[in-house]
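Reading through the structure tokens given below for one structure.
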Number of protein chains: 2
Amino acid sequence: MGVTKTDNFNDEQNRLATQLKAIAHPARIAILQHIINANACICGDLVDELGLAQATISQHLKELKNAGLIQGTIEGVSVCYCIELKAWKALQNEINTMFTSYKDVNTCC
Amino acid sequence: MGVTKTDNFNDEQNRLATQLKAIAHPARIAILQHIINANACICGDLVDELGLAQATISQHLKELKNAGLIQGTIEGVSVCYCIELKAWKALQNEINTMFTSYKDVNTCC
DNA sequence: TAAATCTATCGTAATATTACGATAGATAAA
DNA sequence: TTTATCTATCGTAATATTACGATAGATTTA
């Protein structure tokens, strides 16, 4: 198969999984870190930085855009990408909620 | 292709991506939530809870184990799983570091 | 207008992931 | 010992992901 059985899970679980998948790739992590470090935005120099083909970078950027985590603005001939603060904070929150929901009570096996 | 070019990225980026991938699936999120909610541990009732085949659940558990996020203890005929606190906290920290590294300075596009 | 530059998309090949039935192995119960 | 119960693994089919060359579209420069 290869199809995730989305119906078996609730919306929250599916949405969180989708967003996590968006950042669960070294290239996309590197892209996000680069955008963050540049403080402002970044365009096609990601291609030089990451050593991946231009088509590949573009594809990764698209996935981050689809996840709503970044936003692109056309600037002349190039495109400037930056973090979408709202979605960024929201995802951070959701992840944190999951992680902090585990209280270490020594009742485990 | 389909092979991630691991060599293009540093160890931190690759490790983080691997662990994120481990939790970037609704079934595995549901499994983690279930383990957390049960407070102690959980065995094969995940099969009843999630509506996935036993082989599928076992496979997901294996991936979480491989990521070091859970730990299983044999208890008679069944196996009891629980969160691996150390790895859990470590991942939470790494993720949080990434998210908080973004300071919203209004210099973006 | 023509050439140059940058990015997105298409098509495609290689590989990974997801799910499940079948089955094996291990322990408990009869 | 035999049977029942539970979990892991194997094999496999369906689908998704990753990467890249080629190319198209859009804008700027010459």
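Quick note on labels: first sequence line is chain A, next is B, and so on, each numbered from 1. Owing to the predicted nature of the structure, the values given are computational and were not obtained by experimental measurement.
Which of D:dA19, C:dC6, D:dT7 sits closest to the side chain of A:Ser78 comes down to C:dC6. Relative to the side chain of B:Thr4, the nucleotides D:dC6, C:dA8, D:dT18 differ in distance, and D:dT18 lies closest. When distances run from any side-chain atom of B:Tyr81 to the nucleotides D:dA8, C:dG21, C:dT18, the shortest one goes to D:dA8. In the set D:dC20, C:dT18, C:dA8, the nucleotide with an atom closest to the side chain of A:Leu61 is C:dA8. Closest to the B:His60 side chain, of the nucleotides C:dA19, D:dT18, D:dT7, is C:dA19.
Rounded to whole Å, the distance from CD on A:Gln59 to P on D:dT17 is 10 Å. Across the protein-nucleic acid pair, B:Phe9 atom CZ and D:dA19 atom C1' stand 11 Å apart, rounded to whole Å. B:Ile57 places its CD1 atom 11 Å from the P atom of D:dT7, with the value rounded to the nearest Å. If you measure from atom CG of A:Leu46 to atom C1' of C:dT7, you get 12 Å, rounded to the nearest angstrom. The distance from atom CD of B:Gln71 to atom P of D:dT7 is 16 Å, rounded to the nearest whole Å. Atom NZ of A:Lys62 is separated from atom C1' of D:dT17 by 13 Å (rounded to the nearest Å). Rounded to whole Å, atom P of C:dT18 lies 11 Å from atom CD1 of B:Ile31. Regarding A:Lys65, its NZ atom lies at a distance of 9 Å from the C1' atom of C:dT7, rounded to whole Å.
Remark: the backbone N or O of A:Leu64 is not paired with any side-chain donor or acceptor of A:Arg28 at under 3.5 angstrom. Although no hydrogens or angles enter the test, the distance criterion places a donor-acceptor pair under 3.5 Å between the side chain of B:Thr97 and the main chain of B:Asn93.
The two atoms that bring B:Val47 and B:Gln54 nearest to each other are CG2-CA, 4.0 Å, heavy atoms only. Contact record, A:Ser101 with A:Met98: OG-O, 2.7 Å, taken as the closest heavy-atom pair.
Between C:dA19 and B:His25, a contact under 4.0 Å exists linking OP1 or OP2 to a side-chain N or O. Between C:dT17 and B:Lys21, a contact under 4.0 Å exists linking OP1 or OP2 to a side-chain N or O. The phosphate of D:dC20 (OP1 or OP2) has a side-chain N or O of A:Thr56 nearer than 4.0 angstrom.
In this pair, B:Phe99 and A:Trp88 present their aromatic rings tilted. The plane angle is within the 30 to 60° band.
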Nucleic acid footprint by protein, nucleotides 22-30 of chain D - heavy-atom cut-off 4.0 Å, B for base, S for sugar-phosphate alone: B----BS--
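Nucleic acid contact for B:Leu52: sugar-phosphate only, since backbone atoms but no base atoms lie under 4.0 Å from a heavy atom of the residue.
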Contacts table for residues 10-20 of chain A: side-chain donor-acceptor under 3.5 angstrom, sequence neighbours left out:
unit_1, atom_1, unit_2, atom_2, d
A:Asn10, OD1, A:Glu12, N, 3.1
A:Asn10, OD1, A:Gln13, N, 2.8
A:Gln13, OE1, A:Asn10, N, 3.0
A:Gln13, NE2, B:Gln33, OE1, 2.7
A:Asn14, ND2, A:Thr6, O, 3.1
A:Asn14, ND2, A:Phe9, O, 3.4
A:Asn14, ND2, A:Asn10, O, 3.3
A:Thr18, OG1, A:Asn14, O, 2.8

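Note: B:Asn96 CG to B:Leu91 CG = 10.5 Å, rounded to the nearest 0.5 Å.
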